Structures are given as C-alpha cells and as structure tokens.
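To start, the structure itself, in structure tokens.
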Amino acid sequence: MQASADLKRFLDAKKQDHRLIGDVERHLMRRPESDRRTDVLHPSEIIKSDWCHRYSFYLLKGGKKKQEKPSLRLQNIFDEGHAIHAKWQNRFYEMGNLFGKFKCIYCKETTFGLSPKECEHCGCDILEYAEVGLRDESLRIAGHTDGWIKGIGDECLIEIKSIGAGTLRYEAPDLLMDANHDLTKAWKNIRRPFRSHLLQGQMYLELAQRMYGDDAPKEIVFIYELKADQDYKEFTVKANFEIVERVFKAAQKVIDAVNADSMPDCNVSLDGCKQCDLIP
Ligand SMILES: [Zn+2]
Ligand SMILES: [Zn+2]
C-alpha cells in the first residue's frame, strides 16, 4: 500500500510541468528515511492527550512504524523549523554559552563541553551542535533539548519553537478564533507557552534532574519565533514535576505492559484510534 503511494507520488513529481521543483521532489523522495528511533518513548509524543499506549507498546516491542515520505510542503516546514533552531543555537554557541554535545563535521566524533572551539579528536573547527540527550533508561524515555545554557544567570534549558499558522491552529485554536484568524493579532496575544510545549519542557527538566541531579538546570526558556515576520517572544518556566507526573506514570504503565508482554487496550478510544489502527 505505502510503497505504491510513494511510487505514485514519485511518478506524479515527474509528470508535473515544473522546471526544477519536480527534480527536487524526486531527490527528497530518494533520500533515506529519518533515523528517529521508534524503540523509545519520545517526550514530544507521550505528552499528547491522544498518545496511544497500545501503539507505543507495539513499537517498543519492535513493531515497524508506517512512515510516508512528507510532501514537499511539509518538508519545507520541517526544514524551516530546523533552520530557525540552528540560528538561535549558533548565537549561543558564538556567545560561549552553549553546552552539550558537538559533532565534528569531518571526523564525525563528538566533543562534549561549553561552546568548544574545536574538535578534540581532529582539531578542526567546524562543529555541529548535537544538542543534549535526555533519558530515563528504565522508562525508555529519550529526547533532546534544544540547548543547555551556562553563564547567563542560572543555568537553563532552552526550547526553540517556530510558530506558524499551523502551530496556532493545532496548539491554540481559541487564540486564533479570538483574533478572527488574523495570525499577527493572535501572535500578539500569546502570553505563555502553549500547553504541549510546557509539558515537553517540564519533561526535559525532570529528565535532566534524573540524569544530573543537583547539576541539572531548574528552569527552561522558551524562544518563540513567528515564521511570518521573524518576531520573537521569550518565556521562562521553573521546573515543576507535578505538571508531568502523570506522563511519567503512564510511561511506567506502558513499560510494565511491555515487560509483562501483555498488550494494553487503546486508551484513546474504546474502539481504537488512528494510531493503533495502524497495527497490522
Ligand atoms: Zn573531528
Ligand atoms: Zn489507540
């Protein structure tokens, strides 16, 4: 099914009356799939209200995720988000405040530290920030924060979010409605991080706490950038485990089910949801 859908798109890309875009589309479709792991629980997924325990059980047991290649439009959105992340991370790197894992673009080895100037393996000076991995091994939760900042007041984590009309429709439909679907007006009315971002941030703070104890940052700073005109906002949030306690409890339940080898029912809907419907 999926292979043929991809093939159809591949052929369609060829057919269209494009000077260059068709070739770009085909290039993207030939690129290997992203290597995002499916055998761990991702904080950004398990904080969602429609996170399906049954589907996660299936993936943790080695089930394969059905993945369609994103459309060119969606790929544009992903790549734009990445570019905005890299821009902010690079600023903190240049300032000497960015802490974490850096990957050498030549020898591919990792240098860990605070804005290192060069690769400690080959001495080259082109390093790419590989962020900070945050894990709870026993709960099989694994994620990355966008950054760990040292040397500007108390240490903090950062979470960078590029905001578009789609983000508002998904995260804050009320805000958009109140502004009569005027994006700029809705943006002006954002006064705190969106709920899912808050939950994600609290997950990272708690995971950092579990890994680094007293050395872990106690707050996270959200940097929002509006994709339409590059306006920005900043919000600081203090660690508060209570906000995500239930997410950790739910993760424990799923891991218990995996260890007991007993597939849980769908927790989203009585007759299954669009995620666990994908289980063959
Ligand atoms: Zn190197
Ligand atoms: Zn389900």
Side-chain angles (χ1 to χ4, degrees), residues 1-2 5 35-68 70 82 85-86 89-133 139-144 147-148 150 170-171 173 195-196 199-200 203 244-280:
M1 269 301 280
Q2 190 206 331
D35 53 1
R36 188 172 163 92
R37 293 176 62 181
T38 58
D39 61 343
V40 292
L41 300 172
H42 295 278
S44 57
E45 284 166 12
I46 64 177
I47 51 102
K48 289 183 182 162
S49 55
D50 63 352
W51 167 43
C52 176
H53 299 177
R54 187 175 171 85
Y55 189 53
S56 271
F57 173 96
Y58 161 77
L59 293 178
L60 289 171
K61 279 282 180 189
K64 212 172 144 36
K65 192 170 190 165
K66 256 195 190 166
Q67 265 164 336
E68 255 184 57
H82 287 151
H85 276 75
Q89 287 165 338
N90 192 45
R91 289 169 178 165
F92 291 114
Y93 172 67
E94 288 175 354
M95 288 158 63
N97 300 113
L98 190 62
F99 176 73
K101 222 165 72 178
F102 295 80
K103 195 175 167 189
C104 172
I105 66 153
Y106 292 111
C107 74
K108 310 289 180 201
E109 293 291 327
T110 296
T111 301
F112 202 81
L114 183 61
S115 289
K117 289 273 171 291
E118 56 189 39
C119 168
E120 64 186 19
H121 305 276
C122 75
C124 97
D125 59 358
I126 306 181
L127 297 170
E128 206 170 58
Y129 191 45
E131 306 187 336
V132 184
L139 290 178
R140 293 175 70 175
I141 299 174
H144 287 92
W148 181 328
K150 290 185 185 230
Y170 187 77
E171 304 287 352
R195 188 177 153 70
S196 68
L199 290 168
Q200 210 184 328
M203 290 290 299
V244 283
E245 194 173 3
R246 62 164 188 85
V247 183
F248 280 88
K249 280 190 174 150
Q252 184 67 60
K253 259 174 68 185
V254 171
I255 296 306
D256 289 346
V258 168
N259 292 337
D261 203 10
S262 117
M263 189 183 255
D265 289 333
C266 178
N267 56 304
V268 180
S269 161
L270 279 175
D271 34 49
C273 68
K274 61 180 191 313
Q275 297 167 67
C276 60
D277 280 350
L278 298 171
I279 300 173

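In this text, all values refer to a predicted model and were calculated from it rather than measured experimentally. Start at 1 and go down the list; that is how both ligands and their atoms are numbered.
Within the sub-2.8 Å shell of the Zn ion (ligand 1), the protein contributes these N/O/S atoms: Cys104 SG, Cys107 SG, Cys119 SG, Cys122 SG.
Rounding to the nearest 10°, we obtain 120° for the angle at the Zn ion (ligand 2) between Cys52 SG and Cys266 SG.
Although no hydrogens or angles enter the test, the distance criterion places no donor-acceptor pair under 3.5 Å between the side chain of His121 and the main chain of Lys108.
Of the inter-residue distances, the one linking Glu128 atom CD with Lys101 atom NZ reads 12.0 Å to the nearest 0.5 angstrom. Going from atom OG of Ser269 over to atom NZ of Lys274 covers 11.0 Å, rounded to the nearest 0.5 Å. A distance of 8.5 Å separates CD1 in Ile279 from SG in Cys266, rounded to the nearest 0.5 Å.
Here His53 does not reach the Zn ion (ligand 2): none of its N/O/S atoms is less than 2.8 Å from the metal.
The pair Asp39-Arg140 does not meet the salt-bridge criterion, since no charged nitrogen lies less than 4.0 angstrom from a carboxylate oxygen.
Relative ring orientation between His82 and His85 is described as perpendicular, the plane-to-plane angle rising above 60° on a 0-90° scale split at 30° and 60°.
A ring-ring contact (aromatic ring centres under 6.0 Å, His included) with Tyr129 is found for exactly one of Trp148, Phe102, Phe112, namely Phe102.
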